[in-house]
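Below: one structure, written as structure tokens.
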Amino acid sequence: MRSIVAYTEEIDDLDAAAEELFAQVRDFDLARNSLAILFAEEDTDYPALYALLSQRWSFPVMGCTAMAMLSGQNGYCRSGISVMVLTADDCQFSVGITDELDRAHYKEQIAHLYNELAAQHTSEVKLGLSYFGISVTEMELSGSNLLAALDAAAGGLPLYGGAASDNLSFVGYHVFCNEREVRDGLVLALVSGNISPRFVYVNSVEHTASFSYEITSAKGNTVFRLGEDTFVEALRKENMRVDQEDMMSAYILSPFVVTLDQGSGDRVEATRILATLDLETGAGTFQGVMQEGATLSIGVLSREDVCQSVETAFIRMLRELSQCGGEYTTLLCTSCGARYLALMNNPSAEAEAYMSRLPKNLPLQGLYAYGECCPVQGAKTGKNYNMFHNFTFTILAL
């Protein structure tokens, strides 16, 4: 598989934007099968842009909005449009999108989309690329809900991607597929053929506070009790904030770390954003699944930890690629929006941390998301589990 990344800052004059993108890929030879992954700031008129792109590109386009992007040698991109074109004779792509999702029907819709796309392949599907919208303010669905539904339909197929983001309004995000644009939907691309995807993820939490409790009552992504106390009572005991209207903003730089049981004694660690508190019931709702019996602690996020984790991720990935002997030509990255906020005074710091390590002939595209989807290895078995993360930097190599 080969790839190329194109980027333009232009979003107001879409004719000019399309021409810039076309010019940057003009000398790129397309193989039999191709796919474009597109990230754009929320103010981009995506349907109008696709109408222009489709006049010259006959291959599918999928992607989502992003609060900021990472684009190859351009590094950090605060605004604009980024497109990666993947192409191969020995790979096959199928792409589709759901309608708007809700709690009553999302599992059926996601399963139907997966089965429809999988049926188009003539060989084993080896990877799913997915971006999705999650209703943060209403908390109708968490990222873990959507990923678990896709994981169940795909039977453990490795899944990579994340939650679409916007300029922190939590209402402007969208996902795209060809001419369609939906808000709380899911776009999916399946890839079969000659690929052996590799994944690296690192979280940003190098230090944890004294806060550490067993979750004694939880359901889905809501925690009711920690030890003998309600979740809110435990926060009060630790002198943490409980009376702020926007709890996500209050805890955005204080991520919660949870250890999750995957069965057979296998455990994985994930980080979670606290989204809402219910002072009447004492419950706390997170942007990812929580489990009774899991250990919950709170981490401390810093700009130094964020930059160091990017360096760690690239060192690990480039070492793996040099040892595996395969030919890898493409990197996709997803970084948490909370990491972006931690870097607010120097937003290009994360890109600067990887650019010195990125080979010039290795295309890279990424976005800052409201949650990251990347397989993670169990501590006991080494088995990969599809996991919804917060506060992580993830890399997919193809």
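Counting from 1, the numbers follow the sequence of the chain as shown.
Neither Y368 nor I81 shares a network with the other; the hydrophobic side chains, linked directly or stepwise wherever heavy atoms of I, L, V, M, F, W or Y lie under 4.5 Å apart, form separate groups for each.
Ionic pairing of R180 and D99 is present here: one or more N-O contacts between side-chain nitrogen and carboxylate oxygen are shorter than 4.0 angstrom. Ionic pairing of R56 and E19 is present here: one or more N-O contacts between side-chain nitrogen and carboxylate oxygen are shorter than 4.0 angstrom. By the 4.0 Å N-to-carboxylate-O rule, K383 lies too far from D266 to be salt-bridged with it.
Formation of a donor-acceptor pair under 3.5 Å by the T230 side chain with backbone atoms of E233 is found in this model. For Q291 (side chain) and D261 (main-chain N/O), a donor-acceptor pair under 3.5 Å exists by modelled atom type. Without hydrogens or angle criteria, D278 side chain to A283 main chain gives no donor-acceptor distance under 3.5 Å.
The shortest non-hydrogen separation linking L190 to A118 is CD1-N, 3.5 Å. A pairwise comparison of heavy atoms in G128 and L157 identifies N-CD2, 3.7 Å as the closest pair. Here the closest non-hydrogen pair linking A36 and F59 is CB-CE1, 3.7 Å. Annotation for L226 and I215: closest pair CD2-CG1, 3.8 Å, computed over non-hydrogen atoms. In plain terms, the two heavy atoms of M84 and Q365 that are nearest each other are CB-OE1, 3.2 Å.
Identified under the ring-ring contact (aromatic ring centres under 6.0 Å, His included) test for residues 8-28, with sequence neighbours left out: F22-W57.
Counting only N and O atoms by type, the side chains of Y173 and D184 include a donor and acceptor under 3.5 Å apart. With 3.5 Å as the limit, one finds a donor-acceptor pair spanning the side chains of Y160 and T394.
Under the 30°/60° scheme for interplanar angles, the aromatic rings of F256 and F286 are found to stand perpendicular.
Around the NZ atom of K126, the shell of radius 6.0 Å holds more than 12 heavy atoms that belong to other residues, nucleotides or ligands.
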